[in-house]
*Asks:* 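Below is a structure I'd like to ask you about.
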2 protein chains.
Amino acid sequence: MGIEERKKRERQHRKNVIIDAAEKVIFAKGIEQATMKEIAEEAELSKGTLYLYFKNKNELYIAIAKRGSDYLNDQFSKVFAGDHTGIELIRMIGETYLSFVRENPDYFHAFQYYESINDVKELQKSEIAETCETNRREALNYMVRALQIGMQDGTIDDNYDPKQLAIILWSSTRGITTMSHMKEVGHYFKMLDEMEIKVESLYEDFLRLIGVGIATEEARKEWVTDGQKNETSVDG
Amino acid sequence: MGIEERKKRERQHRKNVIIDAAEKVIFAKGIEQATMKEIAEEAELSKGTLYLYFKNKNELYIAIAKRGSDYLNDQFSKVFAGDHTGIELIRMIGETYLSFVRENPDYFHAFQYYESINDVKELQKSEIAETCETNRREALNYMVRALQIGMQDGTIDDNYDPKQLAIILWSSTRGITTMSHMKEVGHYFKMLDEMEIKVESLYEDFLRLIGVGIATEEARKEWVTDGQKNETSVDG
DNA sequence: ATATAAAATGACCGTTAGTCATAAAGTGAC
DNA sequence: GTCACTTTATGACTAACGGTCATTTTATAT
């Protein structure tokens with residue numbers, strides 16, 4: 001039936017309009033200060049209507065996080081479009097992550113919010129949260145794939161279990177990213193400044209460090225020079 | 001003046017009583033569900049009194065985070081009491097962190113909350129938040145010290161800048177810790193389970209990985225065997 | 001034109017963070 | 001012990017917000 005289809009589309013569209021509005025308000029004022037009334041006004045809807053599309057304010061914010069993770073995965077997928085060795089892919093995934101967070105700190109903040117929800121049972125009731133979960137899995141899978149490719153093309157030491165290594169790389173990369181984000185937002189600022197730490201080259205240095213561990217002998221030289229080569233042109 | 005002193009002590013004591021109560025309530029129900037009234041009742045005080053000791057609910061939660069970071073730093077300091085090489089210290093700091101988070105997930109959650117506050121200006125007005133900042137700096141300094149010790153005793157490659165390396169290790173270790181914590185709390189659970197990833201050996205594997213990068217030739221063998229000694233799981 | 005279903009509204013309710021006028025307790029002087 | 005004064009504690013009160021639901025508006029089918 002055409003009408004059903006159209007209604008479904010319209011519903012999805014309206015959802016997006018609401019998320020747009022929610023982003024505007026929440027990104028500007030923060031989750032706690034943002035009110036449903038204001039979001040409703042921004043979306044040119046009444047407050048009650050929001051609740052026809054989202055269970056509550058929480059779910060609305062999770063929907064924003066989901067949108068962010070869609071974007072991010074989209075970026076990841078592009079990395080694989082080119083013709084790269086496995087170890088290059090690893091580097092690029094991290095770089096992609098990092099620049100995503102730099103360019104979209106508010107989405108990253110939404111990620112953090114989502115991941116800091118302890119009441120996972122509550123989460124599981126939400127379809128949107130399920131999608132977030134799927135997206136996370138997909139992201140991690142990109143890492144696994146990159147490693148597998150690297151083990152095939154001989155750029156990554158194949159003594160590792162790719163899955164296990166992927167989660168290590170993913171977690172630690174995320175740690176680096178979080179630090180970089182916090183610096184950007186103002187946390188740690190004074191401290192990092194006083195210690196004269198260069199956050200800009202944090203990821204590059206991190207890569208060089210782990211590169212020694214995961215790259216094969218042959219790929220290692222390439223890796224290091226690659227790092228030094230990129231260092232000058234990487235930020236921007 | 002004796003009375004002034006006593007009053008100061010009493011005020012501090014009352015603060016602690018309130019934090020005790022807040023921990024009980026907030027750890028049980030989560031920040032959002034916890035109410036000031038309930039915390040007041042738990043502390044056997046009236047609601048208004050809480051506000052004589054803490055600016056608002058937020059600051060109360062930050063006070064909890066501060067207490068947690070006091071504990072954590074206390075643990076870190078103990079690591080340096082024994083007679084260890086630099087590279088051993090690095091390992092131990094991470095292990096300390098990890099087991100702290102395992103044993104005190106609620107404090108870690110408070111850390112996350114604190115660090116996800118974007119309005120850093122608002123934070124700077126709070127004396128408690130300042131102390132949190134100091135504690136973070138102290139924690140990072142432990143890492144720096146461990147590296148310096150390692151460079152002295154020849155267990156850590158002294159081509160690195162200890163500060164820069166410290167922040168890398170700190171950030172990535174924190175990423176690993178966060179992942180481990182999330183698994184514990186239920187996030188990622190299904191995914192990690194399906195991928196048959198062993199979170200228990202995550203840190204050990206991570207150490208082995210970076211160990212190759214930071215340890216000197218001589219220390220490396222020690223490092224790896226040490227790892228195998230401590231953990232039954234080894235790569236495929 | 002009418003009946004029915006779907007979508008939207010906003011007044012309303014319960015709850016809670018935070019305030020403040022008032023009360024109680026503590027202190028010091030005499 | 002009493003009085004004047006300061007510090008600390010109280011809880012009723014307010015404003016604001018998340019979320020609900022009876023009612024209205026709009027769309028669809030007959």
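These figures come from a predicted structure and were not determined experimentally.
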*Asks:* In whole angstrom, what separates B:Glu38's CD from C:dT15's P?
*Replies:*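 Distance, rounded to whole Å: 14 Å.
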*Asks:* What's the shortest heavy-atom distance between B:Ala34 and B:Ile26, and which atoms?
*Replies:*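 In this case the closest contact between B:Ala34 and B:Ile26 is CB-CG1, 3.8 Å.
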*Asks:* Give me the one residue out of A:Gln33, A:Lys29, A:Lys47 that meets side-chain contact (heavy atoms from CB on, under 4.5 Å) with A:Glu38.
*Replies:* A:Lys29
*Asks:* Within 45 degrees of the ring normal and closer than 6.0 Å to the centroid, is that where the cationic atom of A:Arg174 sits relative to A:Tyr97?
*Replies:* no
*Asks:* Think A:Arg136 forms a cation-pi with B:Tyr188, using NZ or CZ under 6.0 Å from the six-ring centre and within 45 degrees of its axis?
*Replies:* yes
*Asks:* On the ring face of B:Phe80, is B:Arg145 found with NZ or CZ under 6.0 Å from the centre and within 45° of the axis?
*Replies:*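 Judged by the rule (NZ or CZ under 6.0 Å from the ring centre, within 45° of its axis), B:Arg145 counts as positioned above B:Phe80.
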*Asks:* Applying a 4.0 Å non-hydrogen cut-off, can you work out what B:Ala40 is touching in the nucleic acid: base, sugar-phosphate, or nothing?
*Replies:* nothing
*Asks:* Find the distance B:Lys37:NZ to D:dC13:C1' and express it as a whole number of Å.
*Replies:* 15 Å
*Asks:* Using whole Å, what does the distance between atom P of nucleotide C:dA6 and atom OH of A:Tyr51 come to?
*Replies:* 24 Å
*Asks:* Find the distance A:Glu41:CD to C:dA8:P and express it as a whole number of Å.
*Replies:*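 The distance from CD of A:Glu41 to P of C:dA8 comes to 17 Å, rounded to the nearest Å.
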*Asks:* What is the distance from CD1 of A:Ile31 to C1' of D:dG18, rounded to the nearest Å?
*Replies:* 12 Å
*Asks:* Can you confirm whether B:Glu10 is buried at CD, in the sense that more than 12 heavy atoms of other residues, nucleotides or ligands lie under 6.0 Å from that atom?
*Replies:*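 Yes - once you tally the heavy atoms of other residues, nucleotides and ligands closer than 6.0 Å, there are more than 12.
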*Asks:* Closest nucleotide of DNA chain C for B:Glu10 versus for B:Gln33: which of these residues is on the 5' side?
*Replies:* B:Gln33
*Asks:* In whole angstrom, give the distance that lies between atom CD1 of A:Ile39 and atom P of D:dG19.
*Replies:*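 From A:Ile39 CD1 to D:dG19 P: 11 Å.
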*Asks:* Whole angstrom is fine here: how far is it from CE in A:Met36 over to P in C:dT9?
*Replies:* 14 Å
*Asks:* Nearest whole Å is fine: how far is C:dG18 P from B:Lys55 NZ?
*Replies:* 10 Å
*Asks:* Give me, pair by pair, the N or O atoms of the protein and of nucleotides 7-10 of chain D that are less than 3.5 Å apart, along with how far apart they are.
*Replies:*
{"from": "D:dA9", "atom 1": "OP1", "to": "B:Arg14", "atom 2": "NH1", "distance (Å)": "2.3"}
{"from": "D:dA9", "atom 1": "OP2", "to": "B:Tyr53", "atom 2": "OH", "distance (Å)": "2.7"}
{"from": "D:dT10", "atom 1": "OP2", "to": "B:Ser46", "atom 2": "N", "distance (Å)": "3.0"}
{"from": "D:dT10", "atom 1": "OP2", "to": "B:Ser46", "atom 2": "OG", "distance (Å)": "3.3"}
{"from": "D:dT10", "atom 1": "OP2", "to": "B:Thr49", "atom 2": "OG1", "distance (Å)": "2.7"}
{"from": "D:dT10", "atom 1": "O5'", "to": "B:Ser46", "atom 2": "OG", "distance (Å)": "3.4"}

